[in-house]
There are 2 protein chains.
Amino acid sequence: MHKPVPGNSLKPACSTCNLRKLCLPVNLNSVEITRLDNLISRKGVYRQGSILYRSGDKFQALYAIRTGFFKTQILNEDGREQATGFQMAGEIIGLDGINSDAHTCDAVALEDSEVCEIPFSKLEDLSRELPSLQRHLHRILSREIVRDQNIMLLLGSMRAEERLATFLLNLSQRFAEGGYSPTSFQLRMTRQEIGSYLGLRLETVSRALSHLQDSKLIHMRNRSLEILCMSGLQACIGKRAR
Amino acid sequence: MHKPVPGNSLKPACSTCNLRKLCLPVNLNSVEITRLDNLISRKGVYRQGSILYRSGDKFQALYAIRTGFFKTQILNEDGREQATGFQMAGEIIGLDGINSDAHTCDAVALEDSEVCEIPFSKLEDLSRELPSLQRHLHRILSREIVRDQNIMLLLGSMRAEERLATFLLNLSQRFAEGGYSPTSFQLRMTRQEIGSYLGLRLETVSRALSHLQDSKLIHMRNRSLEILCMSGLQACIGKRAR
DNA sequence: CGATATGTTGATGTAATTCAACCGCAGTGG
DNA sequence: CCACTGCGGTTGAATTACATCAACATATCG
């Protein structure tokens, strides 16, 4: 029913780079598709732990994740870090750099990954010719804004267990959109990285996961997660709202 | 030296609507400027407390704030709210709606305000013709992403007083960019609204402000703020980083 | 003017952090 | 081969920063 999730990496999200299907599901005819495909080059492989770009790097391209898993994080002066997102196959990464022609966060591969590079000025050129591509680019940018604002809501008003439940349900949904099982998947990140994303210490993440497990809502073994009760997870968001 | 800050509203940021100067400081010749100006209609006046748009409203236009002050906020199912931003004259509001053709937050006037409406599809049309306008629109979208991610850092890793100091310094900088005093201005929002933005209860906001005042870094009387020691405020960000 | 909003401050409670001990595992090297 | 080490993860105990509850003060507005 679902594609199996392989141990070490997600399947390619796309054919050439398949921006049509997932990254850019845009109404284009075959000639236009070809023009879009011609923009895009296979950037190559990033081993687990390697850096796609660093804060301060010159911005020149967006990246479409073909296979694998990334995290993005910002660091401030005094060394604090905040994971700003986890990106999986089929998602676009690098939007932060457009503003100042320099990236403002680091992008790190959490497993061996393949990305396609989309030179941004060429994408702008083409999107001036193809209104539906233009519109789609705007949606991608706006979607990131909406997504970030929902994380702000999470960070500003949810308790630890609610944050975890929200996080797991979000991952579940995205795996489902990628064609994988929504109830059984591998976490690609450490407890520390989850905590950085959710504004919690790693011990708190561990405790909250243990508690969800004790409540029979999930089953965890190392990094493999099984969601036992989707509605229970949903229900625990909003409990004891403040 | 600085324009005085009037009691009830900021001065217009612009001439017709002055997207050139602040909202869209774009390199355009006079013909192109006129074409841009022709897109933009004076939307009119919003009294304090009135709603520019609500979550769920159909998205059709961006808004450039000509005078006044807004907040944007999202509400989730169980009634929690999160202020996602405070916008002042010269800033663009409504980017959240592009993604799904519907707004995802409420925009509320915190004082009597004037906005100009920029029909989005027409802006897209024109930006296909004018590369520098296109580039600028992309920067505006990306800037919002970067801004939101910095709020994520604040919400995820800063203590109450650091959040307040960061917030006040940000306001200060934006007032300075608008030509007003960076050290003396009126807060347009309640303690509750500040707290909603910073992920704190209003009592905590009040206490943190009192403490900054006791430390001689600021002087507050009701909503009028004076920053007594800019560097001291900066220094208190990062103290006892966790 | 009184009524309602907003803001301050104190006392108390609590969720999350901090600190620490411990386990299992993978990689390393004697 | 097995001790040694480092890393990721779990769990317990003590601490703390913030929330909550409550009383009161001040400002705003019809």
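Remember, predicted model here, so these are calculated numbers, not experimental data. Just so it is clear: chains get the letters A, B, ... in the order the sequence lines come, proteins before strands, and each one is counted from 1.
Checking D/dT11, C/dT9, D/dG8 against every side-chain atom of B/Ser210, the shortest atom distance belongs to C/dT9. Nearest to the side-chain atoms of B/Arg159 among the listed nucleotides D/dA17, D/dT10, C/dA16 stands D/dA17. Closest approach to the B/Arg191 side chain among C/dT17, C/dT8, D/dA27 is made by C/dT8 (side chain taken as heavy atoms from C-beta onward).
The base of D/dC18 is not paired with the side chain of B/Glu203 by any donor and acceptor separated by under 3.5 Å. On a pure distance criterion of 3.5 Å, a polar donor-acceptor pair joins the side chain of B/Arg207 and the base of C/dG10.
Of the nucleotides present, none pairs with D/dT26 by Watson-Crick or G-U wobble criteria with both distances under 3.5 Å. Pairing partner, C/dA5: none, since no Watson-Crick or wobble contact has both distances short of 3.5 Å.
Within the 4.5 Å cutoff, side-chain heavy atoms of B/Leu209 are placed close to those of B/Arg191. Annotation: side chain of B/Asn76 is in contact with side chain of B/Asp78 (closest heavy-atom distance under 4.5 Å).
The CZ-P distance, from B/Arg201 to C/dT14, rounds to 16 Å in whole Å. D/dT28 atom P lies 15 Å from atom CD of B/Glu111, rounded to whole Å. The nearest whole Å value for the distance from the CE atom in B/Met189 to the C1' atom in C/dA5 is 17 Å. B/Glu162 places its CD atom 15 Å from the C1' atom of D/dT16, with the value rounded to the nearest Å. In this structure, CE of B/Met220 is placed 12 Å from C1' of C/dT6, rounded to the nearest angstrom. As a whole-Å value, the separation of B/Leu155 CG from D/dC18 C1' is 14 Å. The distance between atom CD of A/Gln192 and atom C1' of C/dT18, rounded to the nearest whole Å, is 14 Å. The CG atom of B/Leu202 sits 12 Å away from the C1' atom of D/dC21 (whole-angstrom rounding).
More than 12 heavy atoms of other residues, nucleotides or ligands lie within 6.0 Å of CZ in A/Arg223, so this atom counts as buried by the packing criterion.
For D/dA23, the glycosidic angle deviates from 0 by more than 90°, giving an anti base.
Residue A/Leu200 is the one, among A/Leu200 and A/Arg221, whose nearest nucleotide of DNA chain C lies closer to the 5' end (criterion: closest heavy atom).
Taking side-chain N and O atoms only, B/Arg223 has a distance below 4.0 Å to OP1 or OP2 of C/dG7. At D/dC7, none of the side-chain N or O atoms of A/Thr190 fall inside 4.0 Å of OP1 or OP2 (strictly under the cut-off).
For A/Phe167 and A/Tyr197, the ring centers sit closer than 6.0 Å to each other.
At a threshold of 4.0 angstrom between heavy atoms, the contacts of B/Asn222 are confined to the sugar-phosphate backbone, with no base atom among them.
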- Test B/Arg147 against B/Arg143 for side chain to side chain contact (heavy atoms under 4.5 Å, CB included), laying out the working first. CA-CA 6 Å; B/Arg147 197 189 67 81; B/Arg143 187 194 309 156; 5.5 Å; no
